[in-house]
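Residue numbering restarts at 1 for every chain, and letters A, B, ... go by the order of the sequence lines. Scope of the values below: all heavy atoms of this structure, side chains included, with no hydrogens, waters or symmetry mates.
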Number of protein chains: 2
Amino acid sequence: MPEQNNSNLHAMKVTCSNCTLRELCLPIGLNREELSQLDAVIRQSRRFRRGDYLFRSGEPFKSLFAIRTGFFKTCMSSQDGREQVTGFHMSGELLGMDGISANVHGCDAIALEDSEVCELPFSRMQCLSREIPSLQHHFYRLMSREIVRDQSIMLLLGNMKAEERLAAFLLNVSQRLATRGFAANDFILRMSREEIGSFLGLKLETVSRTLSKFQQQGWITVDHKHIQLVQPEALKALISGCTHAHQHA
Amino acid sequence: MPEQNNSNLHAMKVTCSNCTLRELCLPIGLNREELSQLDAVIRQSRRFRRGDYLFRSGEPFKSLFAIRTGFFKTCMSSQDGREQVTGFHMSGELLGMDGISANVHGCDAIALEDSEVCELPFSRMQCLSREIPSLQHHFYRLMSREIVRDQSIMLLLGNMKAEERLAAFLLNVSQRLATRGFAANDFILRMSREEIGSFLGLKLETVSRTLSKFQQQGWITVDHKHIQLVQPEALKALISGCTHAHQHA
DNA sequence: CGTGTTCTTGAGGTCGTTCAAGTTAGGTGG
DNA sequence: CCACCTAACTTGAACGACCTCAAGAACACG
């Protein structure tokens, strides 16, 4: 089994200035000069295979990572060893922001499919963001967005029932895929039932049962990891109109 | 009922340079010059009575707020109106960071006791942080810390049982009070059972029952809002040694 | 001293978990 | 190609943790 040498792939010229994810990942309105400054700081994309660690909890924090292509999960584990998936991450998203506070990564980031990632050395980005105000603001916004995201997950974990959690999850995936130009109502889940459960604070059996229930209702079709949203409105109603659903169920 | 005019209090000169919370709230190692720049930007402290809103979800975001004295809760509500307490906040902590992403406050912040707050106009802080690198880094660190905090709450909500949640909560409060020079094992809770429950994803009855259980075990004493941690180690064991506790319970 | 709010405690019900068995998909080697 | 194997998933049944509903107690406030 010879080791593959994809030197032609690694030589591929990847820069921010020609990156298709610019709108997702960078502030709008950077000029040529500023873009080339960025290109100088950002390390060309690295490839990861399914199962590879992008970083591990406890490793020294040096860089943020922007996902160019692929799919990641982040996991935290508590003192006593219990693990929890804290997020699923798609192209254009930034990983590692939790490492800034203690200069140590606070979670594991693991590729759920073959992926490509740009490395943003944090201290150099910090310097650059002093020169480019819109970049500084963009970073604050990204971190703030992460806070908002985490808090809405807290709301989900604290208040919602299993069906509502799953509905919210499916709609969230759907919406993020749509943002990236993929089909909103027909997609392949990249993660296992167990990982979904861990993320949603449920057991894998409950995830499975609930997906089956949705299918029986005719709201979705489930074929292993292939999901189709047949009646996304029904899922939305589950979340926003819980009081209703609760009454007549 | 005449309106009190505490002009002497309001006239009190409150500046970062003479603030006792400097270590909690500001980066270390600022020089005189930099401190006076800060003082120029930060609005003198404002007072809030128990129940007052510091800001409301949906209001335009303009400033971050640093708690000088007092105690706040932050609440989010979902589309359908369900509320959840997303955090309790003590002196030296910064509120409003979730508003940066969308320029709109994403939660309510409500005083749980009479409090005093400094206002940090965000855009001016942004400018200042460009001139003072350690300030910029400090803000990144604070936001990162908030992300870490939120994720550990996600872990709590996703994985832990009622007893473990409550134990973690009590130890967290205790530790933060200790940081501020208060007694770690003898304190008054500022929030109701319902608010604790909302924060921990439990009903108020469960909070009450679990506190009683802890008291029966001799781990704590509960007298309404007055809590004493008699055996904090027992609570710690509950969290870190759950596998153990689980086996012999 | 009465009123309303917060808290405690009990009893019964529900949702999600646990445990267990069975199914399917994908990979490996004969 | 098929038999085999493992991992991931599905489904059922019983249990348990937490919730719901309800009543009573303790306290705060006027």
Polar side chain donor-acceptor pair, B/S77 to B/E83, under 3.5 angstrom: no

How close do A/M160 and A/R165 get, heavy atom to heavy atom, and via which atoms? O-NE, 2.8 Å

Parallel, tilted or perpendicular: which describes the rings of A/F214 and A/W219, with under 30° parallel and over 60° perpendicular? tilted

Give me the bend of the helix from C/dC1-D/dG30 to C/dG30-D/dC1, using the axes of the five pairs at each end, rounded to 10°. 40°

Distance-only, no hydrogens or angles: does the A/R193 side chain make a donor-acceptor pair with backbone N or O of A/L204 under 3.5 Å? no

Please report, rounded to the nearest Å, how far the C1' atom of C/dG26 is from the CD1 atom of A/I188. 15 Å

Check: A/E163/A/T210 side-chain N/O donor and acceptor closer than 3.5 Å: no

Selection: residues 195-219 of chain B, any non-hydrogen atom under 4.0 Å of DNA chain D: B/G201, B/L202, B/K203, B/E205, B/T206, B/R209

Measure from CD on B/E194 to C1' on C/dC7 and round the result to the nearest Å. 11 Å

What's the NZ-P distance between A/K225 and C/dG26, to the nearest Å? 10 Å

Going 5' to 3' along DNA chain D, which nucleotides are the first and last within contact of chain A (any atom under 4.0 Å from a heavy atom)? D/dC9 to D/dA13

When the aromatic ring centroids of A/F182 and A/F187 are compared, is their separation below 6.0 Å? no

Between A/R193 (CZ) and C/dT23 (C1'), how many Å, whole number? 14 Å

Compute whether any side-chain donor of one residue and acceptor of the other, for B/E119 and B/S63, lie under 3.5 angstrom apart. yes

Per nearest nucleotide of DNA chain C, the residue lying toward the 5' end, A/H224 or A/M160, is A/M160

Looking at B/S144 and A/M97, would you say the former's side chain and the latter's main chain have a donor-acceptor pair under 3.5 Å? yes

Could you state the CG-C1' distance from B/L166 to C/dT8, rounded to the nearest angstrom? 14 Å

Under 6.0 Å between ring centres: does that hold for A/F72 and A/F88? no

Taking B/D114 as the fixed residue, which of B/R46, B/R47, B/R68, B/R49 is the one that meets the salt bridge (Lys or Arg N to Asp or Glu O under 4.0 Å) rule? B/R49

Will you find, in the side chains of A/T69 and A/S91, an N or O donor that is under 3.5 Å from an N or O acceptor? no

